[in-house]
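Here is the structure we will look at.
First listed ligand is number 1; within each ligand, the first listed atom is number 1.
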Amino acid sequence: MTSNLIEIKRVTHAYKTPHGPLPVLENLDVTVPEGEFCAVVGPSGCGKSTLTRLVAGLMKPDKGEVWLHGELVKGPRKTVGMAFQNPVLLEWRTILQNVILPLEIVAPSMPKKDREARALELLALVGLSGFENKRPSELSGGMRQRASLCRAIVHKPDVLIMDEPFGALDAFTREDLWQTMHDLREKEPFTCVLITHDLRESVFLGDQVIVLSGRPATTQFILDVKYPGERVIDGLYTPECSDMLHTLREQIQIAQGRVPEAAE
Ligand code: ADP
Ligand code: MG
């Protein structure tokens with residue numbers, strides 16, 4: 001039996017605004033099998049962040065259902081990890097104490113030394129050994145994002161939801177983090193939903209890339225990523241990746257209501 005970790009079924013949602021309802025999602029269906037990495041791209045303002053809030057149980061859709069691990073999502077869940085563009089680390093805590101935070105909430109009976117061992121193990125995996133006693137402001141933006149990634153998965157959530165987590169980083173730091181993210185999943189598999197506006201990021205990290213239409217968003221196109229060879233950044237420069245990126249770019253242009261240049 002294949003198990004789908006996330007099932008978004010016919011979800012429709014509109015925000016109430018002073019000018020009347022603003023339809024944001026319409027009959028959206030998304031399925032993410034257990035262990036898969038689902039990247040979501042779409043025009044700005046189409047409803048991507050709304051989608052993450054629905055999966056996290058932070059809001060309920062007007063119509064349709066969100067299922068996680070065979071359970072209907074009715075409210076916030078501890079089994080979801082989240083990471084955002086702004087790492088939101090607590091400045092009065094060290095990096096180690098920040099990473100441990102979810103364990104204090106989810107596993108209060110876990111011995112302190114076990115919590116610390118778990119956090120240190122993850123910090124080592126993302127290359128932050130030796131920085132555990134620093135404060136967030138002593139780290140670079142990329143290092144803070146690595147730490148926030150550790151915090152998001154320290155309690156082994158069923159799913160990690162990331163909303164443009166690498167958007168504020170420079171291009172080289174971003175590529176480093178893609179590789180870290182990939183290597184981390186090899187060692188510690190988890191299901192992931194990543195919202196991004198970077199098509200290369202979606203192809204590098206995604207098992208599938210979902211292109212959402214303009215608002216109200218629905219699924220416009222799904223790309224099954226067949227990454228050539230190992231997932232290393234160099235692979236992005238192969239003809240296979242160029243083709244996938246070209247397809248995605250075309251679909252985004254259609255989603256934005258712009259017609260792509262006529263293909264010969
Ligand atoms: P995206 O992440 O794709 O840029 P969002 O999901 O953040 O889009 O928002 C989709 C649309 O809904 C946008 O036009 C946004 O301004 C609007 N919106 C988002 N949150 C609210 C809210 N709480 N109330 C009213 N409108 C909202
Ligand atoms: Mg957004």
Side-chain angles (χ1 to χ4, degrees), residues 6-32 37-68 73-77 80-88 141 144-145 148-149 152 159-171 174 177-178 181 191-206 208-223 245 248-258:
I6 305 173
E7 284 180 291
I8 293 171
K9 295 183 182 168
R10 318 282 303 158
V11 160
T12 295
H13 191 77
Y15 286 112
K16 289 172 192 68
T17 76
H19 317 289
L22 176 72
V24 173
L25 303 174
E26 192 167 271
N27 277 329
L28 181 67
D29 285 312
V30 176
T31 301
V32 185
F37 197 115
C38 173
V40 179
V41 298
S44 182
C46 77
K48 301 183 293 299
S49 294
T50 302
L51 177 64
T52 64
R53 290 196 280 274
L54 289 168
V55 177
L58 300 176
M59 53 183 272
K60 270 168 92 176
D62 292 341
K63 281 190 213 150
E65 294 166 353
V66 178
W67 292 77
L68 263 190
V73 174
K74 291 183 179 151
R77 297 166 66 103
V80 172
M82 296 197 83
F84 306 94
Q85 183 163 336
N86 176 0
V88 287
R144 281 202 290 274
Q145 199 52 274
S148 87
L149 213 54
V159 57
L160 173 63
I161 300 171
M162 298 191 290
D163 196 353
E164 306 199 6
F166 312 124
L169 304 172
D170 69 79
R174 205 181 303 161
L177 275 236
W178 297 347
M181 185 76 209
T191 308
C192 200
V193 176
L194 167 77
I195 308 293
T196 179
H197 56 250
D198 187 327
L199 299 183
R200 293 167 75 242
E201 179 172 305
S202 74
V203 167
F204 183 74
L205 288 171
Q208 59 168 332
V209 182
I210 296 181
V211 179
L212 296 181
S213 69
R215 196 175 62 231
T218 191
T219 307
Q220 166 163 315
F221 182 78
I222 298 177
L223 176 80
L245 289 167
L248 286 175
R249 207 174 116 72
E250 227 170 55
Q251 290 297 329
I252 292 273
Q253 283 179 325
I254 295 169
Q256 286 172 330
R258 283 190 243 141

CD on Q208 to OG1 on T31, rounded to 0.5 Å: 8.0 Å

Atom 16 (O) of ligand 1 touched by protein heavy atom at under 4.0 Å: no

Classify the side-chain pair N27/T218 by whether it contains a donor and acceptor separated by less than 3.5 Å. no

If you have a sec, work out which protein heavy atom is nearest atom 27 (C) of ligand 1 and how many Å separate them, to one decimal? Y15 CD1, 3.3 Å

Decide whether an N or O pair under 3.5 Å exists between K48 and ligand 1. yes

Taking 4.0 angstrom as the limit and counting only heavy atoms of T50, give me the atoms of ligand 1 inside it, by number and element. 5 (P), 6 (O), 9 (O)

Please find out if the Mg ion (ligand 2) and some N, O or S atom of S49 are separated by less than 2.8 Å. yes

Nearest protein heavy atom to atom 8 (O) of ligand 1, by residue and atom, and its distance? G47 N, 3.3 Å

Give the residue, atom name and distance (to 0.1 Å) of the protein heavy atom nearest atom 14 (O) of ligand 1. R215 NH1, 2.8 Å

Looking at every heavy atom in both W67 and K9, which two are closest together, and how far apart are they? NE1-NZ, 4.0 Å

So which heavy atom in the protein is nearest atom 7 (O) of ligand 1, and how far is it from that ligand atom? S49 CB, 3.5 Å

Search all heavy atoms of H13 against all heavy atoms of K60 and return the closest pair with its distance. CE1-O, 3.4 Å

Which residue is it: V211, V40, L28? I am looking for the one with a side-chain contact (heavy atoms from CB on, under 4.5 Å) to T219. L28

Tell me, which protein residue and heavy-atom name are nearest atom 11 (C) of ligand 1, and how many Å apart are they? G45 O, 3.6 Å

For R174 and D198, the nearest pair of non-hydrogen atoms, with its separation, is NH1-OD2, 3.1 Å

Can you check atom 21 (C) of ligand 1: any protein non-hydrogen atom closer than 4.0 Å? yes

Sequence neighbours excluded, the answer for salt bridge (charged side-chain N to carboxylate O under 4.0 Å, His left out) partners of R53 is none

Contact check: V24 vs ligand 1, nitrogen or oxygen atoms, below 3.5 angstrom: no

L22: numbered ligand 1 atoms lying under 4.0 Å from its heavy atoms: 12 (O), 14 (O), 17 (C)

If I compare all heavy atoms of M59 with all of L54, which pair ends up nearest, and what's the gap? O-CD2, 3.4 Å

Quick one: does ligand 1 sit under 4.0 Å from the side chain of H13, the backbone, both or neither, non-hydrogen atoms only? neither

Side-chain contact, heavy-atom cut-off 4.5 Å: F221 with E250? no

